[in-house]
J.: 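Have a look at this one before I ask anything.
Note that the coordinates shown come from a computational prediction; the quantities given were computed from them, not determined experimentally.
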Amino acid sequence: MRVFKTRTIATDNCKKGRVTVGADAATAVVAKPSRTIKPGDIVHVKKPPVTWSFRVKAVTGNRLGAKLVPDYMENVTPQSQLDLLDVVKINGFIDRRKGLGRPTKKEGRELSRFTDMIDGTLPYEYDDESMGWDLDFDD
């Protein structure tokens, strides 16, 4: 219930062995897409970097609104797993390698200053007679 966006994604994750059912994640059994669950089962879902755990409170036959999910399912994910989310969020900003993705604001400002400095003209001209470049930095 509302763990995956669509049933197709949930089925694919079951087939890949990312969804297990059991008392703890170490002894849990891999769940097939058609597995029937009952109240009291604990479902473990691996969504890297975290393995989420949910206790089934009740079973329903149809899709529910998001507000009703707590009546049927309880999040019992250990705090140690939830702490991994904070670490990933922090590392995402600190460990950004240069050249990946969009430029940062600072890089954008530097690029803008550089293009404004050039102002559409280059500090050199092409000399047709000598077939070479004449550098003109006197500006």
J.: Would you be so kind as to tabulate the donor-acceptor pairs closer than 3.5 Å made by side chains of residues 8-15, with sequence neighbours excluded?
T.:
{"residue": "Thr11", "atom": "OG1", "partner": "Arg7", "partner atom": "O", "Å": "2.9"}
{"residue": "Asn13", "atom": "OD1", "partner": "Arg18", "partner atom": "NH1", "Å": "3.2"}
{"residue": "Asn13", "atom": "ND2", "partner": "Ile9", "partner atom": "O", "Å": "2.8"}

J.: Do any N or O atoms from the side chain of Gln81 and from the backbone of Val50 form a donor-acceptor pair under 3.5 angstrom?
T.: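 No.
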
J.: Side-chain polar contacts of residues 35-49 - donor-acceptor pairs under 3.5 angstrom, sequence neighbours left out - could you list them?
T.:
{"residue": "Lys38", "atom": "NZ", "partner": "Asp41", "partner atom": "OD1", "Å": "3.4"}
{"residue": "Asp41", "atom": "OD2", "partner": "Lys38", "partner atom": "N", "Å": "3.0"}
{"residue": "His44", "atom": "ND1", "partner": "Ser53", "partner atom": "OG", "Å": "2.9"}
{"residue": "His44", "atom": "NE2", "partner": "Gly22", "partner atom": "O", "Å": "3.1"}
{"residue": "Lys47", "atom": "NZ", "partner": "Val3", "partner atom": "O", "Å": "2.7"}

J.: Please examine the side chains of Val19 and Phe4, heavy atoms only from C-beta on, and report whether any two atoms are closer than 4.5 Å.
T.: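 Answer yes - side chains close enough.
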
J.: With heavy-atom distances below 4.5 Å as the criterion, would you say the side chains of Trp52 and Leu82 are in contact?
T.: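 Yes, at least one pair of side-chain atoms sits under 4.5 Å.
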
J.: Looking at every non-hydrogen atom in both residues, tell me the closest pair between Ala66 and Pro70 and how far apart they are.
T.: O-CD, 3.8 Å

J.: Do Val21 and Val59 share a hydrophobic cluster (ILVMFWY, side-chain heavy atoms under 4.5 Å, transitive)?
T.: yes

J.: In Å and rounded to the nearest 0.5 Å, what is the CD to CZ distance from Glu107 to Arg109?
T.: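 Here the rounded value is 11.0 Å.
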
J.: Give me each pair satisfying side chain to side chain donor-acceptor pair (under 3.5 Å) with a member in residues 57-67, each pair once, sequence neighbours excluded.
T.: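 Sorted result for residues 57-67: Thr60-Asn62.
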
